[in-house]
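To keep things clear, I will list the structure first and then write my remarks on it.
Below, chains carry the letters A, B, ... as their sequence lines are ordered, and counting in each starts from 1.
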2 protein chains.
Amino acid sequence: MAREQKGADAASGGDDAGGDIKIGGRLRHARLMKGMSLKDVAAGIGVSESFISKLENDKVQPSLAVLHRLVALLGINVAAMFNNETEGGGPLFVMRAGERPTITTRLRQKTDGVVLERLIPQTKNALLQVNIHQVVPGGGSHGLISHVGEEMGYVLEGTLDLTVGDQVCRLYAGDSFFFPSEELHGYTNPGDRVARILWVNTPPTF
Amino acid sequence: MAREQKGADAASGGDDAGGDIKIGGRLRHARLMKGMSLKDVAAGIGVSESFISKLENDKVQPSLAVLHRLVALLGINVAAMFNNETEGGGPLFVMRAGERPTITTRLRQKTDGVVLERLIPQTKNALLQVNIHQVVPGGGSHGLISHVGEEMGYVLEGTLDLTVGDQVCRLYAGDSFFFPSEELHGYTNPGDRVARILWVNTPPTF
DNA sequence: ACTGCTTAGTCAAGTTGCTTGATTATCCAT
DNA sequence: ATGGATAATCAAGCAACTTGACTAAGCAGT
């Protein structure tokens, strides 16, 4: 009686739930962004902790009701789960060295001579935000930004005085840094030539 | 889940071992940079896991023999424990240009002559994973990885042939790229000198 | 309706990574 | 020796997460 049975998910390679779209990774990302644990999320939407675990590992598909509560709690929208399309032709998006858009950010007058150069497309639901900050000598960003997530940077050239919390650190070309975005952070260029820093944020939303 | 910081023992009166120099934080940083667990380190130098924990929490001072094995395993030198540079206390994590661990990784696939240089510590639930890939001429990684998330890169120097899905693109110094990690991707270095690419993944949950 | 299959969701046990308290072993100074 | 400090171990515990067995609800097809 035991017939050939499975075959259903053979195409999608494993024990994921039914071969549907995989949203687990994005859910996990959004959760980690908010600094929540499985238990937090589970309690927040009224399901079990293990169920969230299975969701994030694509072992199950949530019902619409659950999904709705979930995205509401995580501060994302349902659309963010499904559009994995980068606009344009293929999935690969390349921006050439001289052809990237530069944004002169003078959010306030405190942002002296910082030019942002966008390295990746800014889709609305992106998980990454990467820019090259060009800071003129004496310039800097005294942003008292404090958002969730993590950020890191790599000094391409020049010198940078980076302040994070109450730590100040002078960075030179080739140095890299990392800190949780909750910390207040700002920077200035103490050198006498332009500093260029490749800066990575996650996530850009919220 | 806010991060609990405890921060009480800064005044050297706490339960740290003997009021000596505190090397725990640096040991932990070095360990995280290598992406190792307490158990890994403990097994690597032949002590118990809990002992490493106490070391990193400055509950105990290692013997010279243990310290020697420790720094050998972590790829640091004993001097790095005692020069009172910036790092140690706060949330900011800085890796100097020449001091980053390089991992001659043979990822699962054939990874010909690719050296990874880790730019940020590798914790379990990190949202970012950033490395500099050093690819020798003719070398490359044909990783058939397909995980959830996004990734991007920035060519620091050299030339790279990047394959994503069925697209192939030749990249030069200063170019940047971006694609969703679900796509199969690999790369080779078609040039005649080393290529260095700053590579960002999110999330590294696989 | 009934039967059977699939699957969202729960409960409990297991795993991992780390911390802590109690205990033993080792060194060093009287 | 002998006692005290402490390096190091063992075992228990905790928190975050995963996994397997189970329950229940939906949706087919006779």
To the nearest Å, how far apart are [X] [atom1] and [N] [atom2]?
X	N	atom1	atom2	value
L32(A)	dA16(D)	CG	P	12 Å
I45(B)	dA7(D)	CD1	P	14 Å
L27(A)	dC17(D)	CG	C1'	16 Å
Q61(B)	dT6(D)	CD	P	10 Å
N57(A)	dA8(C)	CG	C1'	16 Å
L67(B)	dA8(D)	CG	P	10 Å
K39(A)	dT18(D)	NZ	P	15 Å
L55(A)	dA8(C)	CG	P	9 Å

Inset, instruction - Could you tell me which residues satisfy side chain to side chain contact (heavy atoms under 4.5 Å, CB included) with V194(B), sequence neighbours excluded, listed by chain and number? - result: Q134(B), P137(B), R196(B)
OP1 or OP2 of [N] under 4.0 Å from side-chain N/O of [X]:
X	N	value
S50(B)	dA8(D)	no
R31(A)	dA16(D)	no
R28(B)	dT19(C)	yes
K54(A)	dA8(C)	no

Have a look at [X] and say if it touches a base, only the backbone sugar-phosphate, or nothing, with a 4.0 Å heavy-atom cut-off.
X	result
E49(B)	base
S53(A)	base
S48(B)	base

Legend entry - Inter-end axis angle, the helix from dC2(C)-dG29(D) to dT30(C)-dA1(D), with every axis fitted to five base pairs (rounded, 10 degrees):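 Roughly 10° between the end axes, to the nearest 10°.
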Inset, instruction - Taking atom types as modelled, find out whether R100(A) and S176(B) have a side-chain donor-acceptor pair closer than 3.5 angstrom. - result: yes
Legend entry - S181(B) and E151(B): side chain donor to acceptor below 3.5 Å: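 Present: a donor and an acceptor within the cut-off.
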Inset, instruction - Output yes when a side-chain donor or acceptor of N189(B) lies under 3.5 Å from a complementary backbone atom of V135(B), and no otherwise. - result: yes
Legend entry - Test side chain to side chain donor-acceptor pair (under 3.5 Å) applied to E56(A) and H29(A), R31(A), R26(A), the passing residue: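 One option only clears the test, and that one is R31(A).
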Inset, instruction - Could you please name the option among dA8(C), dA7(D), dG17(C) that lies closest to any side-chain atom of S37(B)? - result: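 Selected nucleotide (nearest to the side chain): dG17(C).
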Legend entry - Minimum-distance nucleotide (side-chain atoms of K59(B) versus dT20(C), dC17(D), dA8(C)): dT20(C)
Inset, instruction - Quick one: sort the H133(A) and Y187(A) rings into parallel, tilted or perpendicular, breaks at 30° and 60°. - result: perpendicular
Legend entry - Test log, rule side chain to side chain contact (heavy atoms under 4.5 Å, CB included), inputs T202(B) and V200(B): CA-CA 7 Å; T202(B) 174; V200(B) 180; 5.6 Å; no
